[in-house]
Amino acid sequence: MKYVLVDLTRYQEKCGFGEIANNVGEYLKRGIIDGIHFTVLMTEKYKGILGDDVDYVTVEHLDKDLKALGHLIDLWHTTDQLFMARRHAKGMINLLTVHDLNFLKEKKGIHRIKNLLKLRWFIKRSDYVTVISEYVKQDLLKHVNIGDKPLRVIYNGIQDTTEEAQTRPGFVNANDRFFFTIGQTRKKKNFHLLIPMMKYFPEHKLFICGKRRTSYFNELNEIKERCHADNVIMTGEITDEERNWMYAHSEAFLFPSRLEGFGLPVLEAMRYNCKVFSSRFTSLPEVCKNHASYFDSFEPENMAKTVKEGLAAWDKNGEEALAAKEYSMGFNYDKYIRQYLELYKELLHLK
């Protein structure tokens with residue numbers, strides 16, 4: 001028997017990391033898989049939530065809980081580069097998953113240098129590294145000398161929510177025609193570029209869904225007022241059921257983001273036969289391929305032209321929509337988990 005610890009610290013968080021942790025947790029409920037017994041690292045409040053077939057160590061009592069296990073950990077999988085509560089021991093393999101190097105563009109000066117040095121140190125202390133896209137792989141190789149450290153691309157999975165419940169949000173009227181976007185309310189998402197574009201769509205509304213308590217949320221409201229964009233609605237966070245309904249009923253999903261290690265929402269939208277409009281930045285062309293229309297200019301009139309032309313050629317039940325949906329279904333958690341199980345077995349010499 002081999003013992004693998006998987007870091008699920010982000011369990012139940014409302015973000016991409018949280019979705020990954022939730023879905024991995026569902027698989028680990030099965031307990032022993034292919035000769036591997038799993039331990040999960042979680043916050044104290046979720047201890048026990050995955051049943052009795054996995055062991056638990058908590059962020060709050062990490063060393064105490066590790067000692068109480070009664071056995072050593074053979075492989076420790078740190079599932080993102082931001083939270084590094086991991087331990088090192090002789091004979092234990094450390095696997096690190098890097099999701100992005102966004103700090104290189106979001107931070108400046110000493111803060112940028114500190115983050116880069118920290119990542120370099122974490123990678124140096126890892127035995128194997130995985131990344132979530134070819135874009136992240138190239139970005140990592142450009143800024144970090146990993147030497148002969150093994151490096152592999154394993155794309156994120158996406159939960160299929162098309163059969164789950166849908167609820168029309170209270171902010172949407174029954175006869176509304178609308179566009180939709182969702183994500184962290186941070187400047188890197190470029191939501192502000194969409195607001196002046198909406199003057200070219202007086203018959204539509206744009207719903208921007210994300211946390212209210214950020215400086216960027218306030219900035220978006222200020223831009224909305226300056227543009228007199230009454231057809232732009234800042235909704236705050238929405239439930240999963242509301243998100244599903246928005247994907248299913250929106251005429252277009254707009255995603256002009258400038259920094260994405262992967263970009264889950266564009267593939268989620270495709271699952272609902274929703275037309276996707278994306279930027280060409282970072283990983284998005286790699287993830288969307290030819291199943292999205294791209295903003296080649298961020299001038300409001302040009303953006304509107306791109307959307308109008310894309311919608312004019314789009315049939316929600318047509319071949320393009322069905323091809324996009326089929327393509328997006330290729331990103332799933334069965335494949336994601338299978339690839340990591342194969343990697344665990346390879347590193348533990350179980351193959």
Side-chain angles (χ1 to χ4, degrees), residues 4-25 39-46 57-60 62-63 73 75-88 93-133 135-144 146 149 151-158 183-189 210-211 213-216 237 257-265 282-283 287 336 340:
V4 173
L5 183 146
V6 181
D7 187 339
L8 300 185
T9 307
R10 307 283 181 176
Y11 189 78
Q12 293 299 321
E13 287 188 13
K14 283 269 189 183
C15 62
F17 291 164
E19 180 181 327
I20 292 169
N22 295 345
N23 282 278
V24 171
T39 299
V40 294
L41 172 61
M42 307 182 93
T43 54
E44 179 76 29
K45 65 179 177 180
Y46 293 119
V57 294
T58 64
V59 176
E60 294 86 348
L62 183 53
D63 291 314
I73 298 296
L75 186 153
W76 187 303
H77 183 187
T78 302
T79 51
D80 70 73
Q81 75 277 12
L82 299 181
F83 186 77
M84 299 302 298
R86 67 178 182 183
R87 297 294 183 264
H88 299 267
I93 299 165
N94 269 286
L95 169 62
L96 170 65
T97 298
V98 177
H99 291 256
D100 61 65
L101 282 74
N102 287 349
F103 65 84
L104 292 172
K105 298 179 178 67
E106 291 185 294
K107 297 185 182 296
K108 296 179 181 179
I110 190 64
H111 299 291
R112 184 179 187 273
I113 294 170
K114 281 183 177 179
N115 278 270
L116 184 57
L117 291 175
K118 185 187 295 184
L119 179 60
R120 287 173 176 169
W121 174 247
F122 290 157
I123 289 175
K124 184 177 180 179
R125 296 275 281 163
S126 300
D127 300 293
Y128 202 104
V129 179
T130 58
V131 292
I132 64 171
S133 65
Y135 162 75
V136 176
K137 176 182 175 180
Q138 297 306 320
D139 209 23
L140 181 63
L141 291 174
K142 180 180 178 181
H143 294 97
V144 179
I146 69 169
K149 188 90 61 180
L151 176 62
R152 184 178 300 185
V153 176
I154 297 181
Y155 288 111
N156 285 338
I158 298 180
Q184 295 176 311
T185 320
R186 297 171 61 184
K187 197 155 192 171
K188 69 176 184 176
K189 297 298 183 181
K211 282 185 179 180
R213 294 178 182 176
T214 71
S215 59
Y216 185 54
E237 289 186 289
S257 179
R258 64 182 175 89
L259 287 175
E260 296 293 331
F262 185 69
L264 287 172
T282 57
S283 66
V287 172
Y336 175 88
Y340 270 108

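In this structure, Tyr11 and Val40 have side chains that are not in contact, with every pair of non-hydrogen atoms separated by 4.5 Å or more. Using a 4.5 Å cut-off on side-chain heavy atoms (C-beta onward), Thr282 and Arg258 make no contact. Side-chain contact check for Val24 versus Tyr336: some heavy-atom pair is nearer than 4.5 Å. A 4.5 Å side-chain heavy-atom check between Leu41 and Leu5 finds at least one atom pair inside the cut-off. With a 4.5 Å cut-off on side-chain heavy atoms, Tyr46 and Leu8 do not count as touching. Contact annotation: the side chain of Val98 never approaches that of Val144 to less than 4.5 Å [non-hydrogen atoms, C-beta and beyond].
With 3.5 Å as the limit, one finds no donor-acceptor pair spanning the side chains of Tyr340 and Thr79.
If you take OG on Ser126 and NE2 on His77, they are separated by 10.0 Å, rounding to the nearest 0.5 Å. For the atom pair CG of Leu119 and CG of Leu96, the computed distance is 7.5 Å after rounding to the nearest 0.5 Å. Interatomic distance, Tyr216 OH to Lys187 NZ, rounded to the nearest 0.5 Å: 7.5 Å. Of the inter-residue distances, the one linking Arg112 atom CZ with Glu106 atom CD reads 12.0 Å to the nearest 0.5 angstrom. From Arg10, atom CZ reaches atom CD of Glu19 across 14.5 Å, with rounding to the nearest 0.5 Å. Summarising the geometry, atom CD1 belonging to Ile132 is positioned 9.0 Å from atom OG1 belonging to Thr97; distances are rounded to the nearest 0.5 Å.
No donor-acceptor distance shorter than 3.5 angstrom exists from the side chain of Glu44 to the backbone of Glu60, with no hydrogens or angles considered. A donor-acceptor pair under 3.5 Å is formed between the side chain of Gln81 and the backbone N or O of His99. Distance alone, capped at 3.5 Å, is enough to place a donor-acceptor pair between the Thr214 side chain and the Thr185 backbone. Under the 3.5 Å distance criterion, the side-chain polar atoms of Asp127 are matched with a main-chain donor or acceptor of Asn94. Under a 3.5 Å cut-off, the side chain of Ser133 and the backbone N or O of Phe262 do not form any donor-acceptor pair. Looking only at distances, a side-chain donor or acceptor of Lys149 sits under 3.5 Å from a matching main-chain atom of Ile123.
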### Task
Using the side chain to side chain contact (heavy atoms under 4.5 Å, CB included) rule, take Leu151 and Leu141 through it: C-alpha gap first, then chi angles, then the decisive distance, then the call.
CA-CA 10 Å; Leu151 176 62; Leu141 291 174; 3.9 Å; yes

### Message
Is there a side chain to side chain contact (heavy atoms under 4.5 Å, CB included) between Phe122 and Arg86? Walk through the geometry before answering.
### Response
CA-CA 10 Å; Phe122 290 157; Arg86 67 178 182 183; 4.3 Å; yes

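Shown are Val4, Thr130, Val129, Thr78; of these, the side chain to side chain contact (heavy atoms under 4.5 Å, CB included) with Leu95 is made only by Thr130.
For Lys188, the NZ atom sits in a packed shell: over 12 heavy atoms of surrounding residues, nucleotides or ligands are nearer than 6.0 Å. Around NE2 of His143, the count of heavy atoms belonging to other residues, nucleotides or ligands within 6.0 Å exceeds 12.
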